[in-house]
Protein chains: 2
Amino acid sequence: MKISKNLLSGSTTMLLLKLLDNKDMYGYEMIDELAKRSDDTFTLKAGTLYPLLHSLEKDGMLISYEENPDNSRVRKYYSIHKDGKKLLKEKEKEWKIYSSKINKVLEGGVKFEGI
Amino acid sequence: MKISKNLLSGSTTMLLLKLLDNKDMYGYEMIDELAKRSDDTFTLKAGTLYPLLHSLEKDGMLISYEENPDNSRVRKYYSIHKDGKKLLKEKEKEWKIYSSKINKVLEGGVKFEGI
DNA sequence: TATAATATATAGATAATCTATATATGTCAA
DNA sequence: TTGACATATATAGATTATCTATATATTATA
């Protein structure tokens, strides 16, 4: 099932930060890794990713550096910074609240598991 | 915690259909009921709600009628239609997939409870 | 009678996706 | 070696769902 783009809207930053919380990655790798980890549910477009990475770097959440670890082509790697880790924690907390409240409404006011 | 608007984006239609799946309501009542059921997490603005109701009615998901059951003022009630119920089922299915995949990514690839 | 809450409505702003396009490198088959 | 394709990064403009701001009218309350 294709997930509508506006449902994904708002969680993309959290997902990217989560990927980078595990290890440094370059842009294209993040697209592949996110698709892999989500069983092809989240297939981010390059036109979405790169501007988002630039803005996260501009805001001090990420730091980028160029490298070619396999001696092929130079790739632009991103590393999560201190503020990025803090933002990730906030986004995860927000997600837990948001999803539990959605589930509560769907259950007709009955409290769902978790939270 | 205030939930950022773009995280809510895309689930508003599902939530409104869910409310109307329980009983007919008028616009302002939906805002109150959604806030109540979500512990004030989802506080929809009138400027968001009314255009959305109009578009859902235009698409045949809802039917509206005017009534004043308490003999005070006339209110515009909305009733969920057949296509609206179908759309609600789809949206709920999409939500379950979406949320489980987000949780899977957050758990680092480990499967979460449910789904 | 004035003020606030209720109720509906619409125009325009904002923001996060998307598509489309551009450019360049690396791989592989003909 | 040349062409085609996948990889990789980038940006401009379109789309869309929310928001804010504003308008209008009714009802309740001080």
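Bear in mind the structure is a predicted one, so any value in this text is a computation, not a measurement. To find a chain, count down the sequence lines: A is the first, B the second, and so on, and within it residues start at 1.
Rounded to a whole Å, the CG atom of A:N68 is 19 Å from the P atom of D:dT7. As rounded to whole Å, 8 Å separates atom P of D:dT11 from atom NZ of A:K76. Across the protein-nucleic acid pair, B:K45 atom NZ and D:dA17 atom P stand 18 Å apart, rounded to whole Å. When the C1' atom of D:dA17 is taken as reference, atom CZ of B:F42 falls 15 Å away, rounded to whole Å. One interatomic measurement links the two molecules: CZ of A:R75 to P of D:dT7, which rounds to 11 Å at whole-angstrom precision. For the pair A:E66 CD and D:dA10 P, the interatomic distance rounds to 8 Å; values are reported in whole Å. The separation between A:L52 atom CG and D:dA12 atom C1' is 17 Å, rounded to whole Å. Separating the OH atom of A:Y50 from the P atom of C:dC18 is a distance of 14 Å, rounded to the nearest angstrom.
For B:P51, the side-chain atoms get nearest to C:dT10 when compared with the rest of D:dA10, C:dT10, C:dT6.
Residues A:E90 and A:K85 are not paired through a salt bridge, judged by the lack of any N-O separation under 4.0 Å between the basic side chain and the carboxylate.
Counting any heavy atom pair closer than 4.0 Å across all strands shown, A:T48 reaches a base atom. If you check every strand for non-hydrogen atoms under 4.0 Å, A:G27 touches sugar and phosphate atoms only.
Scored by the salt bridge (Lys or Arg N to Asp or Glu O under 4.0 Å) test, B:D59 finds no partners at all (sequence neighbours excluded). Listed by chain and number, the residues in a ring pair (Phe, Tyr, Trp, His ring centres under 6.0 Å) with A:Y77 are A:Y26, A:Y65 (sequence neighbours excluded).
Where A:V74 and A:S11 each meet DNA chain C at their nearest nucleotide, the meeting point lying more 5' is that of A:S11.
In this structure a side-chain-to-backbone donor-acceptor pair under 3.5 Å is present from A:E57 to A:S64.
Judged by distance alone, with hydrogens and angles left aside, A:R73 brings a side-chain donor or acceptor within reach of the base of D:dT7, the pair sitting under 3.5 Å.
Regarding contacts with the backbone of D:dT18, a side-chain N or O of B:T12 is found under 4.0 angstrom from either OP1 or OP2. Contact between the side-chain N/O atoms of A:H54 and the OP1/OP2 oxygens of D:dT9 is not found at any separation under 4.0 Å. At the phosphate of D:dT9, neither OP1 nor OP2 sits under 4.0 Å from any side-chain N or O atom of A:Y26.
Residues A:Y98 and B:S11 have side chains in contact (heavy-atom distance under 4.5 Å, counting atoms from C-beta outward).
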